[in-house]
Trainee: 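Sharing a structure, written as structure tokens. Questions coming.
A, B, ... follow the sequence lines: proteins, then strands. Residue 1 opens every chain.
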2 protein chains.
Amino acid sequence: MSILPTSQPLKPVGGKRSSKRERILNVFLRQEGHLSADDLFDLIKQDDQHISRATVYRALQWMVEAGIAQKVDFGEGRSRFERTYRHPRHYHLICKNCNSSSEFLSSDIEMLIEEVSTSRNFDVSRSVVQVYGTCEKCSTGKSAPGDEGHTELLFARDALQIAIATERSGLEFYSRAARLAHDQRGRKVFQDLADEEKKHLATLEKSYEELLARDPHLEDRPRFLFFKGAASGLFATGADELVQGVDDQQALLIGIRCERGSHNFFKKYAEKFEDSEGKQIFADFAAEEKEHLELLLKEYRELVKRQSQPAKRVASRTRKA
Amino acid sequence: MSILPTSQPLKPVGGKRSSKRERILNVFLRQEGHLSADDLFDLIKQDDQHISRATVYRALQWMVEAGIAQKVDFGEGRSRFERTYRHPRHYHLICKNCNSSSEFLSSDIEMLIEEVSTSRNFDVSRSVVQVYGTCEKCSTGKSAPGDEGHTELLFARDALQIAIATERSGLEFYSRAARLAHDQRGRKVFQDLADEEKKHLATLEKSYEELLARDPHLEDRPRFLFFKGAASGLFATGADELVQGVDDQQALLIGIRCERGSHNFFKKYAEKFEDSEGKQIFADFAAEEKEHLELLLKEYRELVKRQSQPAKRVASRTRKA
DNA sequence: CTAGGTGCAAATAATTTGCAGAGGC
DNA sequence: GCCTCTGCAAATTATTTGCACCTAG
């Protein structure tokens with residue numbers, strides 16, 4: 001279950017290694033939740049009777065400076081600490097009844113916070129969202145599937161699900177366009193795009209299977225990532241007459257627009273991962289998309305040069321009656 | 001500038017009045033920002049040398065219990081307090097450089113938080129959003145228009161602006177529909193609806209003028225309320241052929257749909273105001289919309305009864321090509 | 001008259017710090 | 001050997017509490 005390579009402990013810079021720190025660090029990184037200094041102190045004491053509170057405080061301070069830990073404040077009058085190593089950025093739902101807290105990430109909320117801040121010329125360094133209330137367990141009695149799984153896995157799961165849905169909708173769009181296009185060369189472009197999407201989709205689905213293999217209950221756990229902003233509207237749909245009449249040049253333009261959206265989307269995801277393998281998955285994918293996009297752009301430029309005339313604009317979406 | 005009726009101090013329930021509490025309460029309510037217990041203590045001491053910290057702490061506790069004040073925690077290791085009386089719910093932008101903080105409200109963020117919580121069966125009682133970073137003043141040096149104005153006024157300003165925009169779009173929609181409708185009775189319905197909107201619009205614009213009169217710099221202050229979710233899509237536009245062919249019955253249905261959206265919109269706003277005159281403005285307005293809506297519904301029912309046949313469904317929005 | 005408010009000083013509670021000694025490099 | 005870490009105890013900071021006294025209803 002543990003994602004941490006236990007044999008190879010972290011060695012953050014900025015301080016001397018010592019048996020005490022090593023021990024504190026190891027105990028801390030093995031914990032899932034949000035520990036108070038005292039919680040940690042008690043845990044350490046189980047192994048090592050000769051530990052001082054001050055040492056724990058100093059170690060925590062050092063971990064925060066080194067970027068391994070982060071202070072969180074749930075308004076209890078004392079600080080708690082959570083891992084940042086292999087732990088994506090997130091917000092909190094905090095049960096005032098049982099003091100449990102669960103994590104989520106909403107890219108939509110992040111975007112809105114960004115918008116508000118921009119409009120006030122406020123330079124954001126960190127945003128905190130804390131939702132206080134009563135958790136399902138406390139209000140209904142029955143225990144819901146916990147989100148004790150590694151947040152990193154949950155994030156990867158949800159991001160992959162969204163990515164797969166995006167690819168599917170792209171595949172569907174291009175296939176449909178290929179079926180509808182009257183122009184021979186236009187159809188060819190769409191067909192190629194669809195094939196490309198199919199390839200990407202297979203890659204993603206394989207990643208997803210691999211992820212599921214690492215935690216048998218992964219799909220039962222509650223959703224971590226909330227993001228409706230990006231997946232919708234990437235691919236224009238519902239305007240069949242638009243693609244019927246396009247030639248290869250226009251088809252390429254449509255493809256470029258969609259792929260650019262898709263690339264930005266994955267890039268954005270990749271950036272969201274702190275240091276983790278999930279980041280790599282998405283960074284790789286974004287790179288792949290970018291490559292594809294550049295290929296399309298090159299193809300388009302060559303086509304234009306060959307025809308040595310400016311591209312015709314795609315007809316506007318609705319015809320005036 | 002002060003919105004508080006200075007002659008008539010609040011008398012919250014649940015405690016005895018005393019000269020000390022009265023004084024603390026008055027000083028507290030006159031302050032704009034987020035006071036720490038010590039800030040308040042210092043302020044009181046300017047008037048009254050014989051005050052104890054304990055009394056200030058006890059008074060603050062009492063104010064929080066009575067719902068006049070709210071504790072906020074910006075992670076400084078001590079609590080701050082802000083008024084809740086005549087102070088709409090809000091989130092915070094906190095400058096880590098100068099420790100200033102400014103307030104905003106995003107209904108969109110609130111909606112997203114609600115969605116996340118619902119999906120986890122989490123019962124929300126309060127949500128905290130804190131954006132840490134550097135304010136405009138600290139990063140550019142030049143001082144931006146401050147938001148020291150009463151939040152209540154800012155809220156009213158922004159809500160009214162959105163409401164006016166909504167009414168305008170309604171007016172435009174109905175006017176256009178009246179112009180386009182072929183059916184005589186359908187046109188009449190749209191015309192009446194447009195007239196009604198014009199009346200509402202005038203009311204709102206008058207309220208807005210009155211608001212501006214109360215603070216000459218009100219329009220210079222930064223936006224407080226962020227809400228793109230509601231205003232858009234209330235009135236269907238861009239489908240001219242839809243309204244061309246409608247009869248009075250169908251026109252009424254369209255009107256009902258739009259007015260219902262509008263009513264819900266204003267009701268939602270009204271609910272957002274804590275205890276304030278702004279709440280009243282919007283509650284009144286929501287009531288007016290509701291009345292209008294019920295009138296339309298009645299008219300519709302009568303029309304249906306007269307014709308004693310089920311209403312024809314409005315044609316779907318886009319024709320398949 | 002009596003419950004509740006007030007001041008003072010002492011108590012708590014979380015966290016930090018001074019200092020002497022131990023340990024890593 | 002030097003510099004940093006560690007333990008212990010004392011200090012600091014924000015807040016609360018016990019207690020004797022005072023004041024409003």
Trainee: Pick the closest DNA chain C nucleotide for K71(A) and for K20(B) by heavy atoms, then say which residue is nearer the 5' end.
Mentor: K20(B)
Trainee: Quick one: F41(A) CZ to dA13(C) C1', roughly how many Å, whole number?
Mentor: 15 Å
Trainee: How close or far is atom C1' of dC8(D) from atom CD1 of I51(A), stated in whole angstroms?
Mentor: 13 Å
Trainee: Look at the side chain of A54(B) and decide which nucleotide, out of dC8(C), dA14(C), dT15(D), has an atom nearest to it.
Mentor: dC8(C)
Trainee: Using the side chain to side chain contact (heavy atoms under 4.5 Å, CB included) definition, which of the options V128(A), L112(A), I113(A) pairs with V129(B)?
Mentor: I113(A)
Trainee: Between dT15(C), dT16(D), dT6(C), which one does the side chain of S79(A) approach most closely?
Mentor: dT15(C)
Trainee: To the nearest angstrom, how far is F74(A) atom CZ from dA14(C) atom C1'?
Mentor: 17 Å
Trainee: I need the CD-C1' distance between Q61(A) and dT17(C), as an integer number of Å.
Mentor: 11 Å
Trainee: Could you work out which one of dA14(D), dT15(C), dC8(D) sits closest to the side chain of Y57(A)?
Mentor: dT15(C)
Trainee: Rounding to a whole Å, what distance do you find between E65(B):CD and dT16(D):P?
Mentor: 11 Å
Trainee: Between R23(A) (CZ) and dG23(C) (P), how many Å, whole number?
Mentor: 14 Å
Trainee: Rounding to an integer number of Å, can you tell me how far R53(B) CZ sits from dG7(C) C1'?
Mentor: 13 Å
Trainee: If you assign V56(A) and R80(B) each to the DNA chain D nucleotide with the nearest heavy atom, which residue ends up on the more 5' nucleotide?
Mentor: V56(A)
Trainee: Name the one of F227(A), F155(A), Y91(A) that satisfies ring-ring contact (aromatic ring centres under 6.0 Å, His included) with F104(A)?
Mentor: Y91(A)
Trainee: Using the side-chain heavy atoms of R21(A), tell me which of these nucleotides is nearest: dG7(C), dT6(C), dC5(D).
Mentor: dC5(D)
Trainee: Can a donor-acceptor pair under 3.5 Å be found between the side-chain atoms of R58(B) and the base atoms of dG4(C)?
Mentor: no
Trainee: Is a side-chain N or O of D73(B) found less than 3.5 angstrom from the main chain of G75(A), in a donor-acceptor match?
Mentor: no
Trainee: When rounded to the nearest 0.5 angstrom, what distance separates CZ in R80(B) from CD1 in I94(B)?
Mentor: 10.0 Å
Trainee: Report yes if at least one side-chain N or O of T55(A) is closer than 4.0 Å to OP1 or OP2 of dG7(D); otherwise report no.
Mentor: yes
Trainee: Any salt bridge between D215(B) and R221(B), counting N to O under 4.0 Å?
Mentor: yes
Trainee: Which whole-number value in Å describes the distance from H50(B) NE2 to dC21(D) P?
Mentor: 18 Å
